[in-house]
2 protein chains.
Amino acid sequence: MARPSGSDAGVTGPRVRAAAERLFARHGYAAVSMRQIAAEVGIGAGALYHYTPDKQTLLRDMMRDHLVKLTTAWAQTDPGGDAVTRLDAFARFHIRFHLDRPDAVFIAYMELRSLEPDAFAEIEALRKTYEAVPEALLRAGSATGVMQVADVKLAGMALIAMLTGVNTWYRDGGRLDRSAVEDVYARMALGMVGVQTVNA
Amino acid sequence: MARPSGSDAGVTGPRVRAAAERLFARHGYAAVSMRQIAAEVGIGAGALYHYTPDKQTLLRDMMRDHLVKLTTAWAQTDPGGDAVTRLDAFARFHIRFHLDRPDAVFIAYMELRSLEPDAFAEIEALRKTYEAVPEALLRAGSATGVMQVADVKLAGMALIAMLTGVNTWYRDGGRLDRSAVEDVYARMALGMVGVQTVNA
DNA sequence: CTTGGAATTGAACGGTCGTTCGGTCTATTG
DNA sequence: CAATAGACCGAACGACCGTTCAATTCCAAG
């Protein structure tokens, strides 16, 4: 037998990427076999090669897609205006975006080491593009004196690490919902750079 | 041939653990073979089994050692006294301890998924023990009113994520040395919970 | 100087890996 | 209704996996 009824590249392609994302996030790139991905989709291992030239490209494409979406989504969300408003918006955006796609986030952070040199360089550049966002924002707030930032670069890294950390513990249906978490973190983010907020 | 001259379990054992730690951190547990570890130590793969019953135990022991050392080291560093002093000390301690053993830290954070259920439960419990440290500390500062903490649990997680994040970018010989990094982060940690520090 | 245990080798086990490919069937096009 | 394009199967490739084990050699104790 071959080519079973109902087969359709337009459907199978996305399912391959989705299955790979789930499995890579759960078990790690190296620990997941092409046969496992294929089984999840319900096809033979050989058929995967209609959708990706190899396993490495599957990973690379998934990381690039995530990072490109991340930066373009912020560009569309950035409210502009004063630095405090923008920082508040950034903190909330980052948490929301990351909580919406935990698997992609996990992979983008943890599988950098699984990338071969070319792919690593590409992905690393995209990551740095996003890291420049809070940095520019803090620099602006620092320049106008509304924020007290001892070191813009460090504060930017600290901010991202703090916000991304939400993904390690947040679970839907827990004590706080997403918007409550956003509130608490936005306030801490502002406090971190010396902006006091009302309502203790 | 067998048993070459100079062989010594007292020397080889630690070298096996060190090689495994380096390789697991660099490439991930699943991506490292017993043969690679053995080659790094300069012995055959079979000889590894004099030092560990299996690969999984190698990982488990390494994670347990790290987390036990982490909590006992804080117990010996905790200055006691008021919450602000202790939080400052905690931030500095966490950064220093983590920068001193980046491989062990990386593994403890990233290879939880590589642990089989029993091992996972043990390691997870140790991790929670340490996470309770900043939480208790923030609760104390919040109770006396010297800190403004909207949510103790979240602030504790945010603090740890922020501090651990230093490991992702810090390199010796960079723009700032360790104590300068400690200064900046300790200040941000205090700001995060509403404690303003002098000297903007 | 002998002897026994410890450290190690290297071959071997069954299994899985990523990837290739010839053949086969289905859906679509003309 | 015939032909073509392409989705898929399943077997096969060589390589490597974690682990075991008999054989071998070295070191230390008596």
Side-chain angles (χ1 to χ4, degrees), chain A residues 1-24 26-62 107 111 113-119, chain B residues 1-24 26-62 107 111 113-119:
Chain A
M1 62 191 100
R3 178 87 147 134
S5 78
S7 66
D8 179 352
V11 167
T12 307
R15 290 190 59 210
V16 167
R17 270 166 259 140
E21 186 171 295
R22 276 235 339 263
L23 290 169
F24 287 169
R26 213 85 79 216
H27 310 291
Y29 174 78
V32 173
S33 72
M34 294 300 265
R35 283 171 179 82
Q36 280 173 61
I37 298 170
E40 189 93 351
V41 177
I43 60 179
L48 288 177
Y49 292 83
H50 279 271
Y51 304 102
T52 182
D54 50 39
K55 193 187 176 189
Q56 172 78 195
T57 304
L58 209 48
L59 177 63
R60 179 185 191 153
D61 288 350
M62 144 185 333
I107 292 167
E111 298 294 356
R113 64 185 174 192
S114 302
L115 293 171
E116 287 155 21
D118 278 6
Chain B
M1 62 192 103
R3 177 77 143 135
S5 78
S7 67
D8 179 354
V11 167
T12 307
R15 290 189 58 211
V16 166
R17 270 166 258 141
E21 185 170 296
R22 276 236 337 264
L23 289 169
F24 287 169
R26 214 83 79 214
H27 309 291
Y29 174 78
V32 172
S33 71
M34 293 301 265
R35 284 169 179 84
Q36 279 174 61
I37 298 170
E40 188 93 349
V41 177
I43 59 179
L48 289 177
Y49 292 83
H50 278 270
Y51 304 102
T52 181
D54 50 38
K55 192 186 176 190
Q56 172 79 194
T57 304
L58 209 48
L59 177 64
R60 178 184 192 153
D61 288 350
M62 150 184 326
I107 292 167
E111 298 294 356
R113 65 184 173 192
S114 301
L115 293 172
E116 286 154 21
D118 278 6

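Quick note on labels: first sequence line is chain A, next is B, and so on, each numbered from 1.
Within residues 29-36 of chain B, the residues approaching DNA chain D are B:Val32, B:Ser33, B:Met34, B:Arg35, B:Gln36, by heavy-atom distance under 4.0 Å.
Between B:Lys55 atom NZ and D:dC16 atom C1' there is a gap of 12 Å when expressed in whole angstrom units. Computed from coordinates, the B:Ile43 CD1 to C:dA7 C1' distance equals 9 Å when rounded to whole Å. One interatomic measurement links the two molecules: CD of B:Glu116 to P of D:dG18, which rounds to 13 Å at whole-angstrom precision. Taking atom OH of residue B:Tyr51 and atom P of nucleotide C:dA6, one finds them 12 Å apart after rounding to whole Å. Between A:Leu58 atom CG and C:dT19 atom C1' the separation is 14 Å, expressed in whole Å. A straight line from CG of B:Leu48 to P of C:dT9 spans 9 Å, rounded to a whole angstrom.
Judged by closest nucleotide on DNA chain C, B:Ala47 is the one of A:Ala47 and B:Ala47 placed further toward the 5' end.
Within 4.0 Å of B:Gly44, counting heavy atoms only, lie sugar-phosphate atoms of the nucleic acid but no base atom.
Side chains of A:Ile37 and A:Leu58 form a contact here, defined as non-hydrogen atoms less than 4.5 Å apart. A heavy-atom distance below 4.5 Å is found between the side chains of A:Tyr49 and A:Met34. Looking at heavy atoms from C-beta onward, B:Val16 lies out of side-chain contact with B:Glu40 at the 4.5 angstrom threshold.
Phosphate proximity of D:dC8 to A:Thr12: present, with a side-chain N or O under 4.0 Å from OP1 or OP2.
The backbone N or O of A:Ile107 sits nowhere less than 3.5 Å from a side-chain atom of A:Tyr29 that would complete a donor-acceptor pair.
If you check C:dT20, D:dT19, D:dA7 against the side chain of A:Tyr49, the one that comes closest is C:dT20.
Taking every heavy atom of both residues into account, B:Gly28 and B:Glu111 meet most closely at CA-OE2, 3.2 Å.
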Fill in: Stepwise side chain to side chain contact (heavy atoms under 4.5 Å, CB included) test for A:Phe24 and A:Lys55
CA-CA 11 Å; A:Phe24 287 169; A:Lys55 193 187 176 189; 4.2 Å; yes
